[in-house]
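Notes follow the structure.
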Amino acid sequence: MANTNTFLLQITTLFCLLFPVANSVVFNYPAVFNFGDSNSDTGELVAALGDILDLPNGQTYFKTPSGRFCDGRLTIDFLMDAMDLPFLNAYLDSIGLPSFHKGCNFAAAGSTIQPATAQSVSPFSFGVQVAQFVRFKARVLELLAKGKRLDKYLPAQDYFQKALYMFDIGQNDLAGAFYSKTLDQVLASIPTILIEFETGIKALYDQGARNFWIHNTGPLGCLAQNVAKFGTDASSLEEQGCVRKHNQAAKIFNLQLHALTKKLQGLYTDSNFTYVDIYTIKSNLIANYSKLGFEQPIMACCGFGGPPLNYDSRISCGKTKVINGATFTAKACNDSSEYVNWDGIHYSEAANQYVSSQILTGKYSDPPFSDKMPFLLSLKF
């Protein structure tokens, strides 16, 4: 990871900040409210379902499972760090006196934009997460009105309008659809998915949200889970070894999401909408993994089955299962910093760190914020 560490050191010396003009982000938010799936879940699904994430999840940074589907920190953790804000506590995690003074995380692993079904991994679809926020805000205002004893645990009333609202969701809508639909059917469903997303954004706007930060979806076809299931025929793969149809769907989804973001900026002129091209950042990482200090672009660090993917859908990272009478455990590799992918579905901390550093250059955002420096970001990584 020497090359990556050198790059990150260079990044920390850049004063890459944001437009000091209207309709732009400024990184001095008092709080962050996040909505999404496992890419930014800091413990929601685990807390909600009473599930257990075993080691080696969490081993790199937290040294114990943290509710994150990762060996360490997620992209959102690095972004919070850059804004000099604490990591976000999950909305439903009630253990350990969680503080919501600087925001709250409603993201839950397995969540979709579209309403959940009986087969869904998570019941916390985007609409449910938005409803949870509405309840959260109402409850906070109710408690604050009763006195000041909870001030250090709850966001101030004006934080709700001044806060940054972050979104990273949609990946599961697309990836899950491929199990029962053709590519054409998946593509045909995208407008319906985005209508649901727009409805949620409008509901948050009506609640006072004004600063929106929207991540597009990454290259789904490059996840070992999807390569294992849909990439058995070499003709279905792109040059990098990724499933072509999945990446095509992600690109078209992102084009329409970008257009929607532009539309929303036009509708809500008193708000700031920033669209972040996560797809390009992650695609560049996979294409140039070796130059960036990684050894494996697609193969999972924590999994079962060995090369080329080290992924078996029957055994998730850290779990032990009996298969055909024999006992197997999905164990971690020796050095997760050499792997882009952690468990076949989610990125490693090292990859998340790289993704974060690229986001913070401002080059992958619309509007871009590179070379606009009203103040210095406090990068700790």
Side-chain angles (χ1 to χ4, degrees), residues 30-81 83-111 116 120-126 128-144 146-156 159-160 163-166 168-169 302 316-320 330 332 342-343 345-346 349 352 380:
V32 172
F33 297 105
N34 184 68
F35 306 81
D37 52 33
S38 57
N39 290 312
S40 59
D41 180 355
T42 56
E44 181 81 350
L45 191 70
V46 171
L49 302 184
D51 200 2
I52 296 175
L53 269 183
D54 300 305
L55 284 169
N57 288 291
Q59 69 177 13
T60 299
Y61 179 81
F62 300 99
K63 308 303 181 185
T64 186
S66 65
R68 294 160 173 80
F69 290 79
C70 182
D71 60 311
R73 289 164 288 183
L74 306 177
T75 297
I76 190 172
D77 295 317
F78 289 109
L79 295 179
M80 295 298 291
D81 230 5
M83 289 185 278
D84 204 25
L85 292 171
F87 294 161
L88 288 177
N89 285 306
Y91 171 64
L92 293 176
D93 195 354
S94 58
I95 305 301
L97 292 176
S99 171
F100 299 106
H101 182 58
K102 296 294 186 178
C104 184
N105 194 359
F106 301 91
S111 294
S120 297
V121 173
S122 165
F124 306 110
S125 62
F126 183 51
V128 173
Q129 292 180 28
V130 171
Q132 288 175 331
F133 169 81
V134 172
R135 180 188 183 278
F136 174 87
K137 180 185 175 185
R139 185 73 174 133
V140 166
L141 297 182
E142 176 187 328
L143 291 170
L144 290 177
K146 292 181 178 179
K148 295 183 177 295
R149 289 176 299 170
L150 296 175
D151 278 7
K152 65 179 180 179
Y153 298 108
L154 302 177
Y159 283 15
F160 289 102
L164 180 63
Y165 290 75
M166 299 182 72
D168 191 332
I169 194 166
C302 185
S316 56
C317 176
K319 300 294 185 182
T320 298
W342 168 239
D343 59 4
I345 306 171
H346 311 99
E349 177 182 271
N352 289 332
K380 304 182 184 68

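Keep in mind that the numbers below use all heavy atoms, side chains included, and drop hydrogens, waters and symmetry copies.
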On a heavy-atom basis, the closest approach of Trp342 and Cys317 is CZ2-SG, 3.6 Å
Heavy atoms, side chains only, cut-off 4.5 Å: are Glu349 and Phe78 in contact?
-> yes
Look at the rings of Phe106 and Phe35 and say which category their plane angle falls in: under 30° parallel, 30 to 60° tilted, over 60° perpendicular.
-> parallel
Do Ser40 and Met166 have side chains that get closer than 4.5 Å, going by heavy atoms?
-> no
Taking every heavy atom of Ala332 against every heavy atom of Pro56, the minimum-distance pair comes out as CB-CG, 3.6 Å
Closest contact, heavy atoms only, Gln129 versus Ile169 = NE2-CD1, 4.3 Å
Just wondering, do Met83 and Lys102 contact through their side chains at under 4.5 Å, heavy atoms?
-> no
Does the side chain of Phe160 reach to within under 4.5 Å of the side chain of Val140, using non-hydrogen atoms?
-> yes
OH on Tyr91 to CZ on Phe33, rounded to 0.5 Å = 12.0 Å
Got a sec, which residues hit salt bridge (charged side-chain N to carboxylate O under 4.0 Å, His left out) with Asp77, two or more places apart in sequence or on another chain?
-> Arg68
Identify which one of Asn105, Asp41, Thr42 satisfies the side-chain hydrogen bond (donor to acceptor under 3.5 Å, both in side chains) criterion when paired with Asn34.
-> Asn105
Tightest non-hydrogen contact, residues Asp54 and Pro65, listed as C-CG, 3.7 Å
Ser66 OG to Leu74 CG distance, which is reported to the nearest 0.5 Å | 7.0 Å
Check whether any side-chain N or O of Glu44 sits under 3.5 Å from a backbone N or O of Leu92 as a donor-acceptor pair, and report yes or no.
-> yes
Interatomic distance, Asn39 atom CG to Ser111 atom OG [nearest 0.5 angstrom] | 11.0 Å
Could you grab the distance from atom CG of Leu88 to atom CG of Leu79, nearest 0.5 Å is fine?
-> 10.5 Å
OG of Ser38 to CG of Asp168, rounded to nearest 0.5 Å, is 9.0 Å
Which residues pass the salt bridge (charged side-chain N to carboxylate O under 4.0 Å, His left out) test with Arg139, sequence neighbours left out?
-> Glu142
Working for side chain to side chain contact (heavy atoms under 4.5 Å, CB included), residues Asp71 and Cys302 = CA-CA 9 Å; Asp71 60 311; Cys302 185; over 6 Å; no
Beyond-backbone contact of Val128 with Pro123, side-chain heavy atoms, under 4.5 angstrom = no
Atom CD of Gln59 and atom SG of Cys70: how far apart are they, to the nearest 0.5 Å?
-> 10.0 Å
